[in-house]
A.B. asks: 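Structure in structure tokens, see below.
Any value given below was found using the heavy atoms of this structure, including those in side chains, with hydrogens, waters and symmetry copies removed.
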Amino acid sequence: SLTMLVAAALLLSSMAGNAQEQNSLSAKEKRDGWKLLFDGKTPDGWVGLNMDRMPEGWIVKDGMLTIKDSGGEQAKHTWDLVTTGEYGAFDLKFDFRMSRGANSGVKYFVVPSGQGGFGIGLEYQIIDDDVHPDAKMGRNGNHALAGLYDLIPANKPADIIRPVGEWNTGRIVVYPDNRVEQYLNGVKVLEYVRKSPGFLDLVKISKYKDIKDFAVAAKGRILLQDHGFEVNFRNIKIKTL
């Protein structure tokens, strides 16, 4: 019917409008000092860890930065993607969409390390809590979605989590006084103070315990983790605090 055709046309135009709004900043965001870390079209500003170009494990397509699925076999390669810039105090927002069973993460304060090519830093965990076994490991849920990996679990109400295949929004805020907050879909799920005695005590009982000066650098790169599963990212934006 004509009504259905009109409805379909409206839906398509709204979807097209939505696509254009992705990976862009509003006038207010620009005034407030936000910068895009991903322009939606090119890998500009990103390189592979210990590389000078984008690694083959990633593609830029349909306004997304996508890790290609390699069957979860992270050990064969580490195609982590890092920013070319370094950041200290910042507000970082990003949208992510997981495939079923996925595991990935957004790391911050990543500094060069001799740890077999792995990027070492604080990790905002991205994982399919229901399917990937690592989500059940660690202590008190500190390997689950939106937690600070292997350190602090996310206190997240179940109703804020959007299902696998839908977009979620992560946010990491690092204040100049080393207070850190992590958010999922607009809800604060954890906070801590970097370099504080309590934080250093958590590091001592974590898998980072033998890494000298873990996550205490004044600034570092932001990393998108390749763990061998398809994950899409978009709307990656940062504001220096």
A.B. asks: Decide whether I222 and Y183 are clustered together by the hydrophobic rule: side chain heavy atoms of Ile, Leu, Val, Met, Phe, Trp, Tyr closer than 4.5 Å, transitively.
C.D. replies: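 In one cluster: no.
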A.B. asks: Kindly write out the residues that satisfy side-chain contact (heavy atoms from CB on, under 4.5 Å) with N178, not counting sequence neighbours, or none if the list is empty.
C.D. replies: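 So N178 forms a side-chain contact (heavy atoms from CB on, under 4.5 Å) with V193, R194, K195.
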A.B. asks: Is there a donor-acceptor pair under 3.5 Å between the side chain of S196 and the backbone N or O of F199?
C.D. replies: yes
A.B. asks: What's the shortest heavy-atom distance between F233 and V106, and which atoms?
C.D. replies: CE2-CG2, 3.9 Å
A.B. asks: What is the distance from atom CE of M54 to atom CD1 of I59, rounded to the nearest 0.5 Å?
C.D. replies: 7.5 Å
A.B. asks: Is V189 reachable from I172 through a run of I, L, V, M, F, W or Y residues, each pair having side-chain heavy atoms under 4.5 Å apart?
C.D. replies: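 In one cluster: yes.
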A.B. asks: Using the side-chain contact (heavy atoms from CB on, under 4.5 Å) criterion, which residues pair with E166? Sequence neighbours excluded.
C.D. replies: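 E166 satisfies side-chain contact (heavy atoms from CB on, under 4.5 Å) with R162, P163 only.
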A.B. asks: Is there side-chain contact between R221 and V47, with at least one heavy-atom pair below 4.5 Å?
C.D. replies: yes
A.B. asks: Run T66 and E230 through side chain to side chain contact (heavy atoms under 4.5 Å, CB included) and show every step you take.
C.D. replies: CA-CA 7 Å; T66 297; E230 182 174 317; 3.8 Å; yes
A.B. asks: So, K237 and E29, do they make that salt bridge, N to O below 4.0 Å?
C.D. replies: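 Looking at K237 and E29, the cut-off is met.
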A.B. asks: Roughly how far, to the nearest 0.5 Å, is the CZ atom of F38 from the CG atom of L224?
C.D. replies: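 So the gap between those two atoms works out to 10.0 Å.
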A.B. asks: Surrounding NZ of K239 (heavy atoms of other residues, nucleotides or ligands, distance under 6.0 Å), is the total greater than 12?
C.D. replies: yes
A.B. asks: Between the side chains of Y149 and K107, is a donor N or O closer than 3.5 angstrom to an acceptor N or O?
C.D. replies: no
A.B. asks: Answer with yes or no whether the hydrophobic clustering places V82 together with M64; edges join I, L, V, M, F, W, Y residues whose side-chain heavy atoms lie under 4.5 Å apart.
C.D. replies: no
A.B. asks: Of all heavy-atom pairs between G57 and W79, which one has the smallest distance, and what is that distance?
C.D. replies: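 Scanning both residues, the minimum pair turns out to be CA-CE3, 3.2 Å.
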A.B. asks: Let me confirm one number: the CG-OG distance from L151 to S206, rounded to the nearest 0.5 Å.
C.D. replies: 5.0 Å
A.B. asks: To the nearest 0.5 Å, how far apart are CG in D226 and CG in L81?
C.D. replies: 9.0 Å
A.B. asks: I'd like to check Q225 versus E123 (side-chain heavy atoms, cut-off strictly below 4.5 Å). Are they in contact?
C.D. replies: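 Yes; the side chains approach each other to less than 4.5 Å.
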A.B. asks: Evaluate the criterion side chain to side chain contact (heavy atoms under 4.5 Å, CB included) for residue pair Y192 and E181; output intermediate values, then yes/no.
C.D. replies: CA-CA 7 Å; Y192 64 99; E181 299 168 344; over 6 Å; no
A.B. asks: Can you see which heavy atom on K93 is nearest to which on W34, and at what distance?
C.D. replies: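 So the two residues come closest at CE-CH2, 3.5 Å.
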A.B. asks: Could you pull out the closest heavy-atom pair between M98 and L145, with the gap in Å?
C.D. replies: CE-CD1, 4.3 Å
A.B. asks: Salt-bridged, D39 to K41, with N to O below 4.0 Å?
C.D. replies: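 Result for this pair is no, no salt bridge flagged.
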A.B. asks: How long is the span from the CG atom in N142 to the CG atom in D150, to the nearest 0.5 Å?
C.D. replies: 5.0 Å
A.B. asks: Donor-acceptor pairs under 3.5 angstrom involving side-chain atoms of residues 85-92: please list them, not counting sequence neighbours.
C.D. replies:
residue: D91; atom: OD1; partner: R171; partner atom: NE; Å: 2.9
residue: D91; atom: OD2; partner: R171; partner atom: NE; Å: 3.4
residue: D91; atom: OD2; partner: R171; partner atom: NH2; Å: 2.7

A.B. asks: Only one of N235, N232, N168 forms a side-chain hydrogen bond (donor to acceptor under 3.5 Å, both in side chains) with D95, so which one is it?
C.D. replies: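 The single option meeting the side-chain hydrogen bond (donor to acceptor under 3.5 Å, both in side chains) with D95 is N235.
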A.B. asks: I would like to know whether I205 and R139 meet side chain to side chain contact (heavy atoms under 4.5 Å, CB included); could you show each step before the answer?
C.D. replies: CA-CA 10 Å; I205 56 169; R139 284 186 326 282; 3.6 Å; yes
A.B. asks: How would you list, by chain and number, every residue that makes a side chain to side chain donor-acceptor pair (under 3.5 Å) with Q182, sequence neighbours excluded?
C.D. replies: Y108
A.B. asks: Could you report the tightest heavy-atom contact between W46 and L37, atom names first, then the distance?
C.D. replies: NE1-O, 2.5 Å
A.B. asks: For Y124, give me all partners under ring pair (Phe, Tyr, Trp, His ring centres under 6.0 Å), at least two apart in sequence or on another chain.
C.D. replies: F94
A.B. asks: May I ask you to test the S104-I67 pair for a side-chain heavy-atom distance under 4.5 Å?
C.D. replies: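 A side-chain contact exists here, since the closest heavy-atom pair is under 4.5 Å.
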A.B. asks: Enter the distance from I127:CD1 to M137:CE here, rounded to the nearest 0.5 Å.
C.D. replies: 9.0 Å
A.B. asks: Sequence neighbours left out, what pairs pass salt bridge (charged side-chain N to carboxylate O under 4.0 Å, His left out) with at least one residue falling in residues 127-136?
C.D. replies: D129-K156
A.B. asks: Side chains of I120 and I211: does their closest heavy-atom pair fall under 4.5 Å?
C.D. replies: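 Yes; the side chains approach each other to less than 4.5 Å.
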A.B. asks: Measure the shortest side-chain to side-chain distance between D32 and K28 over non-hydrogen atoms and say whether it is less than 4.5 angstrom.
C.D. replies: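 Result yes, sub-4.5 Å side-chain heavy-atom pair found.
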A.B. asks: Taking W167 as the starting point, is it possible to reach L36 by hopping between hydrophobic residues whose side chains are less than 4.5 Å apart?
C.D. replies: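 No: no chain of side-chain contacts under 4.5 Å links L36 to W167.
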A.B. asks: Taking the side chain as everything from C-beta on, heavy atoms only, tell me whether F109 gets closer than 4.5 Å to V216.
C.D. replies: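 Contact flag for F109/V216 side chains = no.
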A.B. asks: Please work out whether the ring planes of H132 and F229 are parallel, tilted or perpendicular, with thresholds of 30° and 60°.
C.D. replies: perpendicular
A.B. asks: Determine whether V173 and L241 make a side-chain contact, defined as any pair of heavy atoms from C-beta on separated by less than 4.5 Å.
C.D. replies: yes
A.B. asks: Please name the pair of heavy atoms, one in L190 and one in L148, separated by the smallest distance, quoted to 0.1 Å.
C.D. replies: CD2-N, 3.4 Å
A.B. asks: What I'd like to find out is whether the side chain of V164 reaches to under 4.5 Å of the side chain of V131, using heavy atoms alone.
C.D. replies: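 In short, these two side chains do not touch, never coming nearer than 4.5 Å.
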